[in-house]
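Presented below is the structure to which this report refers.
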Amino acid sequence: MIPQGLGNNKSTKKVISLNKNTFEISEYPFSNIALNHMAVINKYVYAVNTMNGSSYIERYDKESHKNIIKEYKETYIYGIFPMSEKLLAFSITADKGLDSCTLRVMDKDLNIVKEISLTKFGRTTEMYCEDDSYMYFTMQISTDDKPISKILSIDKRNYDIKVIDIQAEQPSDIFKYEDKFLITNYNPVEVKGTKVSVVDEEGRLYKDIELNNELSLTQIYGKYLVVANLQKLSLYDINTFELKREVKLDIDSESYVSAIIIRGN
């Protein structure tokens with residue numbers, strides 16, 4: 001996780017980890033402030049930030065305690081993700097007034113293995129799931145800021161991509177459950193969305209479920225879908241979407257729920 005610091009300063013230069021058994025916190029130092037995304041591949045911790053129009057991907061070695069850093073000028077890298085010993089970096093670059101979207105596949109030393117243009121498809125969210133063969137990202141905004149509803153599929157073996165059109169309103173969180181996708185319909189900017197779409201692997205809609213519950217944060221926990229927001233924590237049967245348990249959260253107006261961390265099975 002990234003503790004960004006107080007207010008708008010974002011002055012903290014570190015990534016932290018939380019031991020799920022002991023809840024002990026470990027810290028990993030980085031060079032820059034305003035870290036916005038991170039990933040882990042074995043002994044390496046990666047983080048990215050953007051300052052003065054350039055993005056910096058930095059790798060910290062937990063064993064040697066050494067860092068390496070790569071700069072990408074006039075580029076906004078908004079998400080980095082681990083995939084089969086590789087690092088995926090999604091970016092936006094403004095070129096002559098037009099935005100272009102690029103996926104870079106990097107090795108553990110931050111050398112670029114492959115660059116793929118996603119401009120004609122759109123921009124991915126930071127939400128993904130994976131199985132043994134593929135990683136799947138939701139897409140809800142085109143390059144020219146128009147609403148879209150797609151899944152970007154990335155082959156882990158050769159980095160081939162496939163874009164799947166789906167019927168969902170602003171697809172956000174995505175989960176693979178058996179042979180189907182569970183996709184939340186949620187807009188994090190407007191803080192709106194209470195519906196879950198279940199689609200098959202080809203994007204065909206299986207059913208929509210209206211939960212009447214704000215889907216700020218969601219996770220799968222065994223056979224349950226967990227939903228958390230400012231008001232409550234809810235547990236739904238993932239097959240029937242029947243509400244199994246609900247706990248009200250006493251959160252003051254200056255606080256918010258930032259993450260769901262699953263411990264154990």
Side-chain angles (χ1 to χ4, degrees), residues 20 78-79 81 90 118 121-142 145-154 161-251 255-265:
K20 291 183 180 181
Y78 63 87
F81 307 87
F90 291 90
L118 302 178
F121 304 118
R123 173 179 171 175
T124 62
T125 69
E126 296 175 13
M127 309 305 179
Y128 76 98
C129 67
E130 60 184 309
D131 54 29
D132 292 339
S133 301
Y134 300 93
M135 287 187 73
Y136 308 94
F137 292 81
T138 52
M139 307 177 80
Q140 58 176 235
I141 302 175
S142 66
D145 291 328
K146 293 180 181 178
I148 59 175
S149 186
K150 302 176 184 291
I151 297 172
L152 177 72
S153 169
I154 305 172
I161 64 171
K162 176 183 177 182
V163 176
I164 306 168
D165 289 306
I166 58 175
Q167 296 180 44
E169 298 173 10
Q170 297 177 309
S172 185
D173 282 343
I174 179 170
F175 306 100
K176 192 79 181 290
Y177 184 72
E178 296 177 346
D179 60 343
K180 294 181 176 64
F181 293 108
L182 274 66
I183 299 170
T184 63
N185 296 231
Y186 184 72
N187 185 323
V189 177
E190 297 180 358
V191 196
K192 289 182 178 179
T194 58
K195 188 170 66 176
V196 175
S197 296
V198 181
V199 303
D200 66 18
E201 293 178 328
E202 298 302 318
R204 290 183 291 264
L205 181 66
Y206 179 65
K207 60 182 175 179
D208 277 336
I209 303 95
E210 176 57 68
L211 296 180
N212 294 309
N213 193 2
E214 185 182 290
L215 302 174
S216 300
L217 293 169
T218 56
Q219 268 291 358
I220 285 184
Y221 177 60
K223 63 177 183 178
Y224 298 106
L225 174 68
V226 185
V227 177
N229 51 46
L230 288 175
Q231 292 76 41
K232 54 194 175 183
L233 184 67
S234 308
L235 210 62
Y236 296 89
D237 184 298
I238 206 168
N239 294 301
T240 64
F241 291 94
E242 178 186 356
L243 179 63
K244 290 297 185 181
R245 189 178 179 191
E246 200 162 77
V247 178
K248 290 187 177 181
L249 300 178
D250 184 16
I251 299 175
S255 301
Y256 62 95
V257 180
S258 60
I260 298 173
I261 299 174
I262 301 296
R263 178 189 179 202
N265 297 317

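When a residue number appears, it is its place in the shown sequence, counting from 1. Every value quoted in this text rests on a predicted model; they were computed, and no experiment measured them.
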*Drop me the distance from D173's CG to T138's OG1, to the nearest 0.5 angstrom.*
7.5 Å
*Would you check if I161 and L118 make a side-chain contact, meaning some heavy-atom pair closer than 4.5 Å?*
yes
*List the steps and the verdict of side-chain contact (heavy atoms from CB on, under 4.5 Å) for T218 and L182.*
CA-CA 11 Å; T218 56; L182 274 66; over 6 Å; no
*asked:* Strictly distance-based, threshold 3.5 Å: is any side-chain N or O of T125 a donor or acceptor partner for the main-chain N or O of M127?
replied: yes
*Rounded distance (nearest 0.5 Å) linking atom OG of S153 with atom CZ of F137*: 10.5 Å
*Taking all heavy atoms of K207 and all of F241, pick out the closest pair and write down the distance.*
CE-CE1, 4.3 Å
*More than 12 heavy atoms from other groups under 6.0 Å of OH on Y256*: no
*Rounded to the nearest 0.5 Å, how far does OG1 of T124 lie from CD1 of I154?*
8.0 Å
*Picking from F175, Y134, Y136, what satisfies ring-ring contact (aromatic ring centres under 6.0 Å, His included) with F181?*
Y136
*asked:* Minimum heavy-atom separation for S255 and L230, please, with both atom names.
replied: O-CD2, 3.7 Å
*asked:* Tell me whether D200 is salt-bridged to K180, with the criterion being a basic N under 4.0 Å from an acidic carboxylate O.
replied: no
*Rounded distance [0.5 Å steps], CD in Q140 versus CD in Q170*: 5.5 Å
*Hey, could you give me the CD/OG distance between E126 and S172, rounded to the nearest 0.5 Å?*
10.0 Å
*Take atom CD in E214; do more than 12 heavy atoms of anything else shown fall under 6.0 Å from it?*
yes
*If you take all heavy atoms of N185 and I183, which pair is closest and at what distance?*
ND2-O, 3.3 Å
*Run the numbers on L235 and V226 for side-chain contact (heavy atoms from CB on, under 4.5 Å), then give the verdict.*
CA-CA 5 Å; L235 210 62; V226 185; 3.6 Å; yes
*Which atom names give the shortest non-hydrogen contact between K176 and E201, and what distance separates them?*
NZ-OE2, 3.0 Å
*Any Lys/Arg nitrogen of K244 or E242 sitting under 4.0 Å from an Asp/Glu carboxylate oxygen of the other?*
yes
*Chi angles and distances behind the side-chain contact (heavy atoms from CB on, under 4.5 Å) call for Y236, L243*: CA-CA 4 Å; Y236 296 89; L243 179 63; 3.8 Å; yes
*Does any N or O in the side chain of K20 come within less than 3.5 Å of the main-chain N or O of I262, such that one atom is a donor and the other an acceptor?*
yes
*asked:* I want to check a possible cation-pi pair here: R123 against Y78, using under 6.0 Å from ring centre and within 45° of the ring axis as the test.
replied: yes
*Carefully, step by step, assess L152 and F90 under the rule side-chain contact (heavy atoms from CB on, under 4.5 Å).*
CA-CA 12 Å; L152 177 72; F90 291 90; 4.0 Å; yes
_Minimum-distance pair of heavy atoms, taken over all atoms of A168 and S149_ = O-OG, 2.8 Å
*Identify the two heavy atoms, one from S216 and one from A228, that lie closest to each other, and give their separation to 0.1 Å.*
CB-O, 3.5 Å
_Ignoring hydrogens and geometry beyond distance, is a side-chain donor-acceptor pair present between T194 and N212 at under 3.5 Å?_
no
*Rounded to the nearest 0.5 Å, what's the gap from CD on E202 to CD1 on I151? Could you check?*
10.0 Å
